[in-house]
Amino acid sequence: MRVELVRERIDSAALLREIKVGADGAVCVFDGIVRDNTRGRRTLHLDYEAYEEMALKQMRELAEEAVVKFGVRDVAIVHRLGRLMVGETSVLIVVASAHRGAAFEACRWVIDTLKKTVPIWKKEQFVDGAVWADGEKFPEEIVGVGE
Amino acid sequence: MRVELVRERIDSAALLREIKVGADGAVCVFDGIVRDNTRGRRTLHLDYEAYEEMALKQMRELAEEAVVKFGVRDVAIVHRLGRLMVGETSVLIVVASAHRGAAFEACRWVIDTLKKTVPIWKKEQFVDGAVWADGEKFPEEIVGVGE
Amino acid sequence: MRVRVRLFGPLRDVAAKAEGWRELREGDCVGDLLASMRGEGGLPAEMLAASAVAVNQEYAERGRVLMDGDEVAILPPVSGGGCES
Amino acid sequence: MRVRVRLFGPLRDVAAKAEGWRELREGDCVGDLLASMRGEGGLPAEMLAASAVAVNQEYAERGRVLMDGDEVAILPPVSGGGCES
């Protein structure tokens with residue numbers, strides 16, 4: 001299970017090549033990309049920062065839980081930090097499995113859960129200023145401090 | 001929309017790189033791989049053959065329908081024919097979209113539908129002989145001749 | 001009138017000789033063609049029953065009336081897309 | 001006893017000075033720490049209300065009792081994973 005935070009470009013092809021073994025029939029990949037706009041405002045670049053020790057721990061737990069929960073063989077999760085330009089990959093999730101249903105479901109679950117629970121934040125630079133993304137409301141099991 | 005039947009290795013990385021444009025936020029990839037076994041029997045290699053004119057037509061229709069049905073921006077479908085070894089990619093589906101939900105759903109729908117309707121057949125070579133795969137039962141809207 | 005019959009995958013392995021141009025009567029449909037092929041014994045009935053038919057590269061029903069020059073493909077259940085079912 | 005407070009993302013932008021080691025009483029919990037920080041006025045109440053807390057890199061509830069040396073991170077809603085929501 002390869003779980004990483006990186007500051008350089010994510011090499012999707014290498015990750016895909018690495019993960020496959022003979023027992024796999026299916027690989028599902030999710031490639032999250034820096035869009036050129038957010039609700040119509042033109043994005044120049046993004047800056048990602050993380051609570052790194054915790055983010056890695058959470059990502060490792062996600063990968064392990066996905067294997068158990070969906071019965072897939074292997075999961076890789078790589079998230080990039082620092083400055084990213086439009087079109088670059090911010091997160092890559094690769095799931096290898098004997099069966100395609102499990103591969104799709106695990107991959108979807110990992111990105112959905114990562115977006116709600118892994119402590120990473122994104123600041124968007126527009127032509128007219130920079131703002132932190134609103135972020136996803138925390139799930140109920142992660143008790144908010146104000147509740 | 002790139003739709004192809006090829007006889008050489010499928011270059012997943014190139015396809016992924018090609019499909020992305022700035023408006024995309026998500027790419028979902030399905031990579032179907034030759035497994036080393038079928039129900040426990042060790043596979044040596046596979047041979048794929050197609051009714052090529054019709055398979056291409058059907059694949060093009062699938063790609064177009066996926067764009068309309070799920071609102072994704074672009075779909076690529078590449079299937080390999082001829083002899084494939086264990087670990088090689090037999091089919092690659094790439095879906096680019098502004099939103100991840102649509103990307104996952106379209107990708108899943110394309111592979112599920114392709115497996116039931118696109119006229120391609122697989123012969124599996126085991127140590128002790130070669131057999132055609134059973135194949136998927138045709139959907140009801142494709143009326144079987146014996147019905 | 002004549003139509004061109006094509007077979008694929010396991011069907012061609014067992015009945016390659018049934019491929020090629022065949023004479024039909026005006027107004028014959030897909031079902032008539034299949035009945036006559038079944039009558040000749042070259043195509044196993046179980047395989048035919050599980051197969052679909054395409055006329056000019058589009059799936060067609062049994063009642064579809066054939067025209068001179070049509071390409072009629074008999075397609076056993078397909079198995080493209082990988083090994084991950 | 002002392003705990004180390006860490007802030008991230010938008011919270012650190014507005015309240016970087018609130019980071020660092022802080023003295024607490026024995027038996028104080030996450031909620032007590034937050035109340036005292038809120039009292040000092042450095043952290044906007046709406047941002048705190050939407051935030052989660054992690055103690056030693058694990059999400060923790062408000063009632064969690066803190067221990068000497070704990071690392072307490074206040075985490076605004078996360079936004080990793082791309083732009084495809």
Side-chain angles (χ1 to χ4, degrees), chain B residues 5 30-38 43 46-59 61 77 79-81 84 86 88-93 110-124 130-139 141-147, chain C residues 3-16 18-19 28-39 42-66 69-85:
Chain B
L5 293 169
F30 176 77
D31 187 341
I33 300 165
V34 178
R35 286 184 73 184
D36 59 7
N37 76 90
T38 296
T43 303
L46 298 182
D47 291 289
Y48 281 96
E49 70 165 56
Y51 181 10
E52 297 194 27
E53 312 89 293
M54 181 174 171
L56 272 174
K57 207 169 177 178
Q58 292 264 319
M59 287 159 67
E61 283 171 18
I77 310 176
H79 202 298
R80 188 165 159 197
L81 301 178
L84 276 78
V86 167
E88 292 189 325
T89 293
S90 52
V91 65
L92 192 81
I93 295 163
V110 169
I111 179 63
D112 285 354
T113 312
L114 180 148
K115 287 184 74 99
K116 285 183 289 196
T117 66
V118 175
I120 298 175
W121 297 270
K122 171 175 74 179
K123 196 174 201 170
E124 304 184 83
V131 290
W132 288 98
D134 289 338
E136 304 261 334
K137 199 171 170 300
F138 281 110
E141 62 272 25
I142 297 173
V143 177
V145 297
E147 292 167 326
Chain C
V3 300
R4 183 182 171 208
V5 173
R6 297 186 65 182
L7 304 175
F8 290 92
L11 259 183
R12 191 171 49 204
D13 268 14
V14 301
E19 282 203 313
D28 271 358
C29 65
V30 166
D32 297 320
L33 169 65
L34 295 173
S36 83
M37 293 182 75
R38 206 158 29 219
L43 294 175
E46 342 63 86
M47 282 181 89
L48 269 184
S51 295
V53 172
V55 176
N56 303 329
Q57 293 103 48
E58 294 282 356
Y59 286 111
E61 300 189 19
R62 268 187 2 158
R64 161 78 171 261
V65 174
L66 294 169
D70 277 351
E71 178 169 292
V72 183
I74 309 181
L75 311 174
V78 301
S79 52
C83 309
E84 23 45 73
S85 55

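The figures here come from the full heavy-atom set of this structure, side chains too, leaving out hydrogens, waters and symmetry mates. Note that the coordinates shown come from a computational prediction; the quantities given were computed from them, not determined experimentally.
- Using a 4.5 Å cut-off between heavy atoms, A55(B) does not touch chain C at all.
- A salt bridge links E53(B) with R6(C): the distance from a Lys NZ or Arg NE/NH1/NH2 to an Asp or Glu carboxylate oxygen falls below 4.0 Å.
- The backbone N or O of V110(B) sits nowhere less than 3.5 Å from a side-chain atom of T113(B) that would complete a donor-acceptor pair.
- Contacts of R12(C) with chain B are made by side-chain atoms alone, with heavy-atom separations under 4.5 Å and no backbone atom involved.
- Contact annotation for D13(C): only side-chain heavy atoms (C-beta onward) come within less than 4.5 Å of a heavy atom of chain B.
- Of the atoms belonging to K123(B), it is side-chain heavy atoms, and not backbone ones, that fall under 4.5 Å from chain C.
- Between atom CG of residue L5(B) and atom CG of residue L56(B) there is a gap of 4.0 Å, rounded to the nearest 0.5 Å.
- Contact of the E61(B) side chain with the E58(C) side chain is registered, since non-hydrogen atoms from C-beta on lie closer than 4.5 Å.
- For a residue to count as touching a neighbouring chain, one of its non-hydrogen atoms must lie under 4.5 Å from one of that chain's; by this rule W121(B) touches chain C with backbone and side chain alike.
- When T38(B), D134(B), T117(B), V34(B) are compared by the number of non-hydrogen pairs under 4.5 Å with chain C, T117(B) comes out ahead.
- Atom CD1 of I120(B) sits about 13.0 Å away from atom CZ of R80(B), to the nearest 0.5 Å.
- In this structure, chain C has a heavy atom under 4.5 Å from the side chain of Y48(B), while its backbone stays farther away.
- For I33(B), the part lying under 4.5 angstrom from a heavy atom of chain C is the backbone only.
- Judged by distance alone, the side chain of S79(C) and the main-chain N or O of K122(B) form a donor-acceptor pair under 3.5 Å.
- Interface remark: of the candidates A54(C), A73(C), G31(C), G80(C), G80(C) forms the most heavy-atom pairs closer than 4.5 Å to chain B.
- Looking at Q58(B), the atoms closer than 4.5 Å to chain C (heavy atoms on both sides) all sit in the side chain, from C-beta outward.
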